[in-house]
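Below, each value reflects all heavy atoms present in this structure, side chains not excepted, and no hydrogens, waters or symmetry copies.
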Amino acid sequence: MSYEVLHFINGEEVPSSGSARQEIFNPATGDVLGSLHLGSQDELEKAVAAAKTAAKGWSELSLAKRTAVLFRFRELLVERTGELAELVVSEHGKVLSDARGEIARGQEIVEYACGITNLVSGRFTPQAATGIDAYSVREPLGVVAGITPFNFPVMIQLWMAPLGIAAGNAFILKPSERDPSAANFMAKLWKEAGLPDGVFNVLHGGKETVDGLLTHPDVDGISFVGSTPIARYVHETGTKHGKRVQALGGAKNHALIMPDADMDVVAEHLNAAAFGAAGQRCMAISVAVAVGEAAEKTIEKVTALARNIKVSNGMDKDADMGPLITPQSCERVQRIITEAEKAGATVVIDGRNLVVPGHEKGNFVGPTILDNVSPEMSAYGEEIFGPVLVVIRVDTLQEGIDLINSNPFGNGTCIFTSSGAAARTFSRKIKVGMVGVNVPLPVPLANHSFGGWNDSLFGEHHIYGEDGLRFYTRGKAITQRWPEPKQASGANFNFESRN
Ligand code: NAD
């Protein structure tokens, strides 16, 4: 049964006043599931106005009342995980257990935001000068918008909204057009949790809607997660219009494998990190940098595991990996594999032209391993965002570090080794935001912050954790004197000299 996805503004679903619509597909079957209403200027104005009004009341509410909403939201998220996960699988394609996993990771940020009373507490300095106390507080920005990618339709909005809302802001979510339903599902959960109307809104659309948010005078902050070219554009445009912007971009994550690593551990983890979610994770490992004799063993063992990956509809109980998001992604990934092959790479396992029985119209590419890749090939230069593991051979740890540091991205990386010295050298010298030691997907916990370096993040703040709270608030320093009635307050014409 086909459905329509409307906007969610000021506590209710509203259709677009314009006629622009976009089809929503099931990537495993190619079936059209429904139709998405794309926002016009009218809905943009309504959403911003609703958020602006709501932000005033919400920020005045006590921390206890705000926290109660967050706790209730967390409970609802737990209760409704199964339903939400199935919705994610139907529009995104990832396997059901992975969809449940993304909800669990997002839930961690909700739990962190439940501690807002502690997180937002300021500093107080009594008797900063005679009879004068000084204190610093952090106050909400007002209206903040979150623009999110397709690959984690639940988790990434939860990187943003819980902390933004807990800090006293109103939030407008502009989700990906490819899997938009999770946004409305979450809006209804927020409402059911007792969040006042207008504090969480969903505005659907593409570039025009994003541009509207980036330039609207009543939007104070923008959190963006997506590809690097758009992240750069969002950062440039938003800051030019006086907004605070954090924009997380794409990635090319390398795993460096030392010959002394436990090769069974390496194979198991590389297999999961490269091919999980069909490689459509910003922290997916897409390059294995094998040092010396590590190459042969790595390839042999990962290949053996990758051959047993079951590629199917994400709803199949025994599926390990689902489809890619669109037919265009499929074509792109297969084109890059072919280019690498023509340029001299060895295709160790070939996922091209995979047909899953019963799903002939699905966007499937199987696990692919490319050996003998050189840095000039598009398989190394481009973010593939598909189930392709590229192997580059180097002779030394230093050569591997230099290769990784010369890559324009700097999101995540890891080293596999049994040497503490190698791990320490790698961790200290590598120019990447998130580093794993024998941990291939080093996604920080909620109380740390998530963010890459170089072309993987534009702006000063990482997302969630301490940085997230700083992003969604601004500092105010208050200096106060309360003289007794008629007591001389000692006004000075000049700054007082101390020396
Ligand atoms: P995308 O950049 O195509 O889209 C992200 C958002 O930007 C969507 O909401 C989309 O509607 C909007 N958008 C697209 N084109 C636009 C334009 N021209 N102007 C303004 N807005 C536009 O990304 P995607 O394909 O949805 O997601 C995959 C990308 O996201 C990958 O590059 C991946 O590495 C990256 N990603 C990064 C992180 C991270 O934490 N760094 C996390 C997840 C995904």
Side-chain angles (χ1 to χ4, degrees), residues 7-11 47-48 50-52 54-55 58-59 61 66-78 80-81 84 88 102-116 119-120 140-149 152-176 179-204 210 213 219-226 244-248 446 449-450 461-465 467-473:
H7 311 281
F8 192 95
I9 298 173
N10 210 18
V48 175
K52 192 177 174 187
W58 176 245
S59 62
L61 220 59
R66 278 192 246 159
T67 306
V69 173
L70 282 151
F71 270 99
R72 180 76 189 119
F73 177 74
R74 188 251 176 220
E75 290 312 304
L76 289 170
L77 196 59
V78 172
R80 309 283 290 278
T81 287
L84 180 57
V88 168
E102 100 161 70
I103 297 167
R105 293 313 299 254
Q107 186 185 316
E108 290 172 15
I109 318 295
V110 183
E111 287 157 2
Y112 178 71
C114 284
I116 189 67
L119 298 174
V120 88
L141 303 182
V143 176
V144 293
I147 301 158
T148 52
F152 287 106
V154 174
M155 182 182 78
I156 292 182
Q157 56 169 300
L158 291 176
W159 284 0
M160 305 170 177
L163 264 180
I165 288 174
N169 300 284
F171 194 84
I172 302 174
L173 174 63
K174 203 308 283 170
S176 168
D179 43 15
S181 293
N184 290 40
F185 188 101
M186 300 289 270
K188 290 175 197 160
L189 282 198
W190 279 113
K191 187 174 167 87
E192 200 180 331
L195 191 72
D197 291 347
V199 180
F200 183 88
N201 307 278
V202 180
L203 189 60
H204 293 288
V210 171
L213 291 166
V219 175
D220 303 290
I222 301 276
S223 297
F224 172 90
V225 178
R244 180 177 291 204
V245 182
Q246 54 178 181
L248 281 70
S449 297
F450 182 110
H461 296 87
H462 285 194
I463 211 159
Y464 69 73
D467 257 25
L469 188 78
R470 288 190 80 79
F471 181 79
Y472 291 122
T473 55

If we only count heavy atoms from C-beta on, is the Ile165 to Trp190 side-chain gap below 4.5 Å?
-> yes
Ring geometry between Tyr472 and Phe171 (parallel below 30°, tilted from 30 to 60°, perpendicular above 60°) | perpendicular
Least distance between heavy atoms, Pro153 atom then Val88 atom = CG-CG1, 3.9 Å
Do Val48 and Ile172 come close enough that some side-chain heavy atom pair is under 4.5 Å?
-> yes
Rounded distance (nearest 0.5 Å) linking atom CG of Leu163 with atom CG of Leu70 = 9.0 Å
Rounding to 0.5 Å, atoms CE (Met155) and CD (Gln107) come to a distance of 13.5 Å
Considering all heavy atoms of both residues, which atom of Ser59 and which atom of Gly168 are nearest to each other, and what is their separation?
-> CB-O, 3.4 Å
Could you go through the salt bridge (charged side-chain N to carboxylate O under 4.0 Å, His left out) check for Arg105 and Glu108 one step at a time?
-> CA-CA 5 Å; Arg105 293 313 299 254; Glu108 290 172 15; 3.4 Å; yes
Can you list the steps and then say if Leu248 with Ile463 is a side chain to side chain contact (heavy atoms under 4.5 Å, CB included)?
-> CA-CA 8 Å; Leu248 281 70; Ile463 211 159; 4.0 Å; yes
Quick check: does any side chain N or O of Asn169 sit under 3.5 Å from a backbone N or O of Val144, one acting as donor and the other as acceptor?
-> no
Side-chain touch Pro149/Ser176, heavy atoms, less than 4.5 angstrom = no
Could you check if a side-chain atom of Leu158 sits within less than 4.5 angstrom of a side-chain atom of Leu77, using non-hydrogen atoms only?
-> yes
How about Arg244: does its CZ atom have over 12 heavy atoms from other parts shown lying under 6.0 Å from it?
-> yes
Enter the distance from Phe8:CZ to Asp197:CG here, rounded to the nearest 0.5 Å.
-> 7.0 Å
What's the verdict on side chain to side chain contact (heavy atoms under 4.5 Å, CB included) for Ile147 and Leu173, showing C-alpha distance, side-chain angles and the deciding distance?
-> CA-CA 6 Å; Ile147 301 158; Leu173 174 63; over 6 Å; no
Roughly how far, to the nearest 0.5 Å, is the CD atom of Glu75 from the CZ atom of Arg80?
-> 13.5 Å
Rounded to the nearest 0.5 Å, how far apart are CG of Leu469 and OH of Tyr112?
-> 6.5 Å
Parallel, tilted or perpendicular: which fits the ring planes of Phe471 and His461, with parallel below 30° and perpendicular above 60°?
-> perpendicular
Using atom types as modelled and distance alone, determine if a side-chain donor or acceptor of Gln246 lies under 3.5 Å from a backbone N or O of Ser223.
-> no
Is there a side-chain contact between Leu84 and Met186, using heavy atoms and a 4.5 Å cut-off?
-> yes
Out of curiosity, Leu195 CG to Arg72 CZ, how far, rounded to the nearest 0.5 Å?
-> 13.0 Å
Return yes if some donor-acceptor pair links the side-chain N/O of Arg66 with the main-chain N/O of Ala166 below 3.5 Å, else return no.
-> yes
Considering only heavy atoms from C-beta outward, does the side chain of Glu192 approach that of Phe73 to under 4.5 Å?
-> no
Would one find more than 12 heavy atoms of other residues, nucleotides or ligands at under 6.0 Å from atom CZ of Phe185?
-> yes
Look only at the side chain of Trp159 and the backbone of Gly106, and say whether a donor-acceptor pair between them is shorter than 3.5 Å.
-> no
So, do His204 and Lys174 sit near enough that their side-chain heavy atoms are less than 4.5 Å apart?
-> no
With distance as the sole test, does Thr148 use its side chain to make a donor-acceptor pair with the main-chain N or O of Ile156 at under 3.5 Å?
-> no
Using the side chain to side chain contact (heavy atoms under 4.5 Å, CB included) rule, take Leu203 and Leu213 through it: C-alpha gap first, then chi angles, then the decisive distance, then the call.
-> CA-CA 10 Å; Leu203 189 60; Leu213 291 166; 4.3 Å; yes
For Ala51 and Ala170 the tightest heavy-atom approach is O-CB, 3.3 Å
Minimum-distance pair of heavy atoms, taken over all atoms of Ala167 and Thr473 = CB-CG2, 3.7 Å
Backbone of His462 reached by a side-chain donor or acceptor of Asp467 within 3.5 Å | yes
Evaluate the criterion side chain to side chain contact (heavy atoms under 4.5 Å, CB included) for residue pair Asn184 and Ser181; output intermediate values, then yes/no.
-> CA-CA 5 Å; Asn184 290 40; Ser181 293; 5.9 Å; no
Asn201 versus Ala50, closest heavy-atom pair with distance | OD1-CB, 4.3 Å
Does the side chain of Val202 come within less than 4.5 Å of Phe200's, by heavy atoms?
-> yes
Minimum-distance pair of heavy atoms, taken over all atoms of Leu141 and Gly221 | CD1-CA, 4.3 Å
